[in-house]
Protein chains: 2
Amino acid sequence: MTTQDRRLTDDPAAAVGWQPRRLAAVAPVLPAGAAPPGTGGRILHAALGLFSEYGFHGTSIRQIAGKVGINPATLYAHYRSKEQILAELVLLGHQELYDRLRSALAAAGSAPAERLASLVREHVLIHADYPLLAVVANTELHVLSARHAATALALRARCREFLAGVLAEGASNGEFRLVDPTLTAIAIGGLGMQVGHWFAPGTGYTREQVADAYVHLALRMAGYTTPSTEA
Amino acid sequence: MTTQDRRLTDDPAAAVGWQPRRLAAVAPVLPAGAAPPGTGGRILHAALGLFSEYGFHGTSIRQIAGKVGINPATLYAHYRSKEQILAELVLLGHQELYDRLRSALAAAGSAPAERLASLVREHVLIHADYPLLAVVANTELHVLSARHAATALALRARCREFLAGVLAEGASNGEFRLVDPTLTAIAIGGLGMQVGHWFAPGTGYTREQVADAYVHLALRMAGYTTPSTEA
DNA sequence: GTCTATAGATGGATAGAC
DNA sequence: GTCTATCCATCTATAGAC
């Protein structure tokens, strides 16, 4: 190994701790009442922060314990394995998503445009409220075994049905002009998922501003154009 | 550990090898001429397949070597470290993206709508052509040290400028009616990035069909509406 | 360039005292 | 529930023969 080569490995920026970030937000926040009280909850929060930043495989049990301030062994008094901590977070994230989307739809009227707006708004807001949880639930789900992932996948499928259903309603009653039902659903669903990666409070946009803009974009994508949405 | 507990760990589905997939595509393909010939190239392809499926930290040197059919030690005759293999892939992916977007813009006319269409089309096509590379370049970049990531980040920034520039042109000449320049750019840019996760040849859509649909969606998002795009 | 062999560190998880 | 101590598997990377 030459001196030149070694310089590439002994990265000065790495020594300073700088890394390209996976997401912008910092504080690991979980939905109220979702985390167990006491040490169990603190473990969940610590794992959320580390998983979102370094990924499941890039995070060690010792790092999690270190952040909580407990001994690595203590962790196993609360969770059976590292994978189970992830499973808890992934399930929790999908459960919150499903619950909030369902409530949003229930609170909306019957017009497809209004229902789509309600759905997209809530989708964006939850990703803005819990960006770390959203990123972990979306990007680390594949690590889980089939059994641990099953419930989350089922919830995700039902969320997709919400969106597909609303788009189909609007297409059949003429409010929407869809380019392609499937591709439009994928594209609109992806709008919200992105938010978790870049959104952070106090960086130019409020959660409501982002939601307003994305609702507007989604309505355009669905082919719903009125004078008011084009103002 | 109780019997019930053990059943959750000794997952039967895991024994069968089933896992939730990170992406749909299977064959690890790199742009022509991008990979070195011989073993060096085969290592790159093997690593691409494994990184895209299990992530950088979820993949071992032994797995890569095993897939190539060489001894783990032989790998170090071609690359200095596991991280350098990833760095090669990430750089390669961003270089291809930048080159193709630049060519697409150069080949397009001067009308912002045409330029945006050309940009989005090419963005979708590259993600459809190299879905594994796109996923790895996008989701594992943060693993790299600042020095290894710098070039890729610079290329990505220039790609963002392409899009932001075209949107600004269209906004100022009146072809576009932007909801918000920044959020629209993020949303349109995200359209293509998604494609790598679900697209696979022979699963319902051709690469051109996806590109057509997404170009149409992007024009709608930019607020460019004509009778022809609403047909 | 490729191998065998192994160093050296770190990983997840457990045993058992308190 | 929390600790100390530790097992043992696995990991990245290197040394050195061919």
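Throughout, a chain's letter reflects where its sequence line sits, starting with A, and its residues are numbered from 1.
Between C:dA13, C:dT2, D:dC3, one nucleotide has an atom nearer to the side chain of A:Lys82 than all others, and that is C:dA13. Distances were taken from every side-chain heavy atom of B:Ala73 (C-beta onward) to each of C:dT4, C:dG1, D:dA5; the shortest belongs to C:dT4. Closest to the side chain of A:Thr74, from the set D:dC3, C:dT2, C:dG12, is D:dC3. Proximity note for A:Ala77 (side chain, C-beta onward) versus C:dA13, D:dT2, D:dA5: the nearest is D:dT2.
Between the OH atom of B:Tyr76 and the P atom of C:dA5 there is a distance of 19 Å, given to the nearest Å. In this structure, A:Ile61 places its CD1 atom 5 Å from P of C:dG12, rounding to the nearest Å. B:Ile64 places its CD1 atom 10 Å from the P atom of D:dA13, with the value rounded to the nearest Å. One can place NE2 of B:His78 at 16 Å from C1' of D:dA13, the figure rounded to the nearest angstrom. As rounded to whole Å, 16 Å separates atom P of D:dT10 from atom OH of B:Tyr54. Atoms CZ (A:Arg80) and C1' (C:dG12) sit 15 Å apart, rounded to a whole Å. Rounded to whole Å, atom C1' of D:dT2 lies 16 Å from atom OH of A:Tyr79. The distance from atom NE2 of A:His57 to atom P of D:dC11 is 11 Å, rounded to the nearest whole Å.
Looking at heavy-atom distances under 4.0 Å, B:Ser60 makes contact with sugar-phosphate atoms alone, never a base. Nucleic acid contact class of A:Leu75 (heavy atoms, under 4.0 Å, all strands): none.
Judged purely by distance below 3.5 Å, without hydrogens or angles, the side chains of B:Arg22 and B:Thr139 pair a donor atom with an acceptor atom.
Around atom CZ of B:Arg102, no more than 12 heavy atoms belonging to other residues, nucleotides or ligands sit under 6.0 Å away.
Salt-bridge check for B:Arg100 with B:Asp129: passed, with a basic side-chain N closer than 4.0 Å to an acidic carboxylate O.
Taking side-chain N and O atoms only, A:Thr39 has a distance below 4.0 Å to OP1 or OP2 of D:dT2.
Nearest-nucleotide positions on DNA chain C place A:Gln63 closer to the 5' end than the other of A:Asn71 and A:Gln63.
B:His123 contributes no side-chain N or O that, together with a main-chain N or O of B:Leu119, makes up a donor-acceptor pair within less than 3.5 Å.
Ring geometry for B:Phe162 against B:Tyr98 counts as parallel: the plane angle stays under 30°, on a 0 to 90° scale with 60° as the upper cut.
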